[in-house]
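Notes follow once the structure below has been shown.
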Amino acid sequence: METGVIDLAELDGDFDLQSTLESGQSYLWGRLDGQMYDRDGAFGGDAWYQTVVPPLDGVSDESAVVRARQVDGGLEWASNTDAVPILRSLLRLDDDLDAVVEAMPDEPLVARAYEAYPGMRIVRDPPFGCLVSFICSAQMRVSRIFDMQERLREAYGEKVEFDGETYRAYPTPERLAEATEDDLRDLRLGYRAPYVQRTAEMVASGEATPAGARGLDYEEARDYLTTFVGVGDKVADCVLLFSLDYLEAVPLDTWIHTAIDEYYPECDRGNYRETSRAIRERLGGDIAGYTQTYVFHYLRSGGE
DNA sequence: TATCCAAGGTAAGTT
DNA sequence: AACTTACCTTGGATA
């Protein structure tokens, strides 16, 4: 086991692990105390979080178990490999959050949202897990989306030994493609079951891959992702923002529609494409997704 | 205890 | 292209 501490004072801007991982951006991490996405929002300021990541392009060559917790001034970690480059990637530690905040629109709602969760960063999830978890997110509560991913890992994830325990990686496209719709319904995915199965099949066969959207212009990338079954504009925006580095992506979900109705009514253009263009412009252009994520978490956690 | 409702939407069918 | 409707499941609200 390798361990270390990343000095958070070296980052540009603040950092907060709990709000980054428990704000509905990622469903691929867990808490060792079992309180992940707890209904009461259990305090996790010093909790250990853990994920099992597949090889990451340009970052790591093999699967890795990564464990992390925030201690004063540092991000303490333990892993079966050097987790520093992995954590830098997964948690976007290289983002200049001061510059991002500077670029967010200067107005009360946004200021309150940032002050509620200073240091929250966008995640950079592995593409396939991000894609599948957000397919599962349709009409579903955040805590239950997480539960579904746990069941998928338990049923189809490769076992990984670490620190005397057995954990499970997120299922590979190949393994998930072998599941039947009924298998996945048994895991309580409901009507999302055939979406997940068919999308896994598309990825496993090479017909399309989520990472294949990289490099395309933003709206082209969004259109490309909607070729997956169960992926509309909203889920596509989530994958672009939380996995593929499109920080301008603003997923138009129920919470953001509420914010648009109340605070940005002039941005409601009646359809996704045009409303998206207007709200992206309004929320800071190329970092609009950061603004959205603060507003989403703030509204969802009871602020207004 | 029973019933109802809505949750980070999408696909398929109609007009 | 815009508008409707069905869709699994379940915790929490309401009666």
Side-chain angles (χ1 to χ4, degrees), chain A residues 19-29 36-41 113 117 120 122-123 125 129-152 155 179-202 208 210 222-243 246 249-262 268-277 279 283 288-304:
Chain A
S19 59
T20 299
L21 295 181
E22 296 193 71
S23 51
Q25 303 181 52
S26 177
Y27 301 96
L28 307 180
W29 288 77
M36 192 73 180
Y37 285 123
D38 210 52
R39 280 185 295 285
D40 304 324
Y117 300 102
M120 179 171 70
I122 299 291
V123 298
D125 273 350
C130 183
L131 177 66
V132 173
S133 56
F134 277 96
I135 287 172
C136 292
S137 75
Q139 292 294 103
M140 197 47 56
R141 284 180 178 73
V142 164
S143 61
R144 295 200 53 228
I145 300 165
F146 174 73
D147 293 340
M148 287 180 183
Q149 309 317 304
E150 276 204 313
R151 289 193 289 272
L152 284 172
T180 66
E181 175 181 336
D182 282 347
D183 291 336
L184 297 179
R185 281 181 184 268
D186 288 344
L187 296 182
R188 292 180 265 170
L189 266 62
Y191 63 76
R192 305 154 196 80
Y195 299 167
V196 168
Q197 194 281 328
R198 292 173 60 193
T199 286
E201 221 163 45
M202 291 172 73
R222 196 178 61 194
D223 287 343
Y224 174 82
L225 291 177
T226 61
T227 62
F228 292 107
V229 186
V231 178
D233 289 326
K234 186 272 172 183
V235 169
D237 269 329
C238 289
V239 176
L240 292 176
L241 178 61
F242 301 132
S243 179
Y246 288 80
V250 175
L252 300 184
D253 55 53
T254 54
W255 295 95
I256 294 306
H257 277 301
T258 299
I260 288 174
D261 289 347
E262 290 216 14
D268 183 358
R269 304 297 163 85
N271 63 74
Y272 197 100
R273 172 177 293 255
E274 296 302 327
T275 302
S276 168
R277 287 179 178 172
I279 198 69
L283 295 184
Y290 250 109
T291 311
Q292 179 272 356
T293 301
Y294 277 102
V295 171
F296 169 84
H297 189 41
Y298 177 63
L299 293 178
R300 197 183 71 81
S301 61
E304 52 188 322

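What you are looking at is a predicted structure, and each value in this text was computed from that prediction instead of being measured. Quick note on labels: first sequence line is chain A, next is B, and so on, each numbered from 1. The figures here come from the full heavy-atom set of this structure, side chains too, leaving out hydrogens, waters and symmetry mates.
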> Under 3.5 Å, is there an N or O donor on one side and an acceptor on the other linking the side chain of A/Tyr191 and the base of B/dG9?
Replying inline: yes
> What about A/Arg192: does its side chain form a donor-acceptor pair under 3.5 Å with the base of B/dT10?
Replying inline: no
> Centres of the A/Phe242 and A/Phe134 rings: under 6.0 Å?
Replying inline: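 Between A/Phe134 and A/Phe242, which both carry aromatic rings, the centre distance is below 6.0 Å.
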> Using a cut-off of less than 4.0 Å, is there contact between a side-chain N or O of A/Gln139 and OP1 or OP2 of B/dG9?
Replying inline: yes
> Using a cut-off of less than 4.0 Å, is there contact between a side-chain N or O of A/Arg188 and OP1 or OP2 of C/dT10?
Replying inline: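 For A/Arg188, the contact criterion (side-chain N or O under 4.0 Å from OP1 or OP2 of C/dT10) is met.
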> Out of B/dG9, C/dG11, C/dT9, which has the shortest distance to the side chain of A/Met140?
Replying inline: C/dT9
> Nearest to the side chain of A/Arg185, which nucleotide is it out of C/dG11, B/dT10, C/dC8?
Replying inline: C/dC8
>> I'd like the P distance from C/dC8 over to B/dT3, given in whole Å.
In response: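 That atom pair is separated by 22 Å.
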>> Any base atoms under 4.0 Å from A/Phe228, or only sugar-phosphate, or nothing? Heavy atoms, all strands.
In response: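 Counting heavy atoms under 4.0 Å across all strands, the contact made by A/Phe228 is with sugar-phosphate only.
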>> Treating A/Thr275 as the side-chain partner and A/Tyr272 as the backbone partner, does any N or O pair qualify as donor plus acceptor under 3.5 Å?
In response: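 Not at all, since once roles are kept as given, no pair shorter than 3.5 Å links the two residues.
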> When you look at A/Asp147 and A/Tyr27, which way does the side chain to side chain donor-acceptor pair (under 3.5 Å) test go after all the steps?
Replying inline: CA-CA 9 Å; A/Asp147 293 340; A/Tyr27 301 96; over 6 Å; no
> Toward the 5' end of DNA chain B, which comes first, A/Thr226 or A/Gly24, by nearest nucleotide?
Replying inline: A/Gly24
> If you find the nucleotide of DNA chain B closest to A/Trp255 and the one closest to A/Val229, which residue's nucleotide is nearer the 5' end?
Replying inline: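 So the residue in question is A/Trp255.
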> Taking DNA chain B as the partner, which of residues 288-297 of chain A come within under 4.0 angstrom of it by heavy atom?
Replying inline: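 Those residues are A/Gln292, A/Phe296.
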> Is there a Watson-Crick or G-U wobble partner for C/dC8 with both distances under 3.5 Å, and if so, which one is it?
Replying inline: none
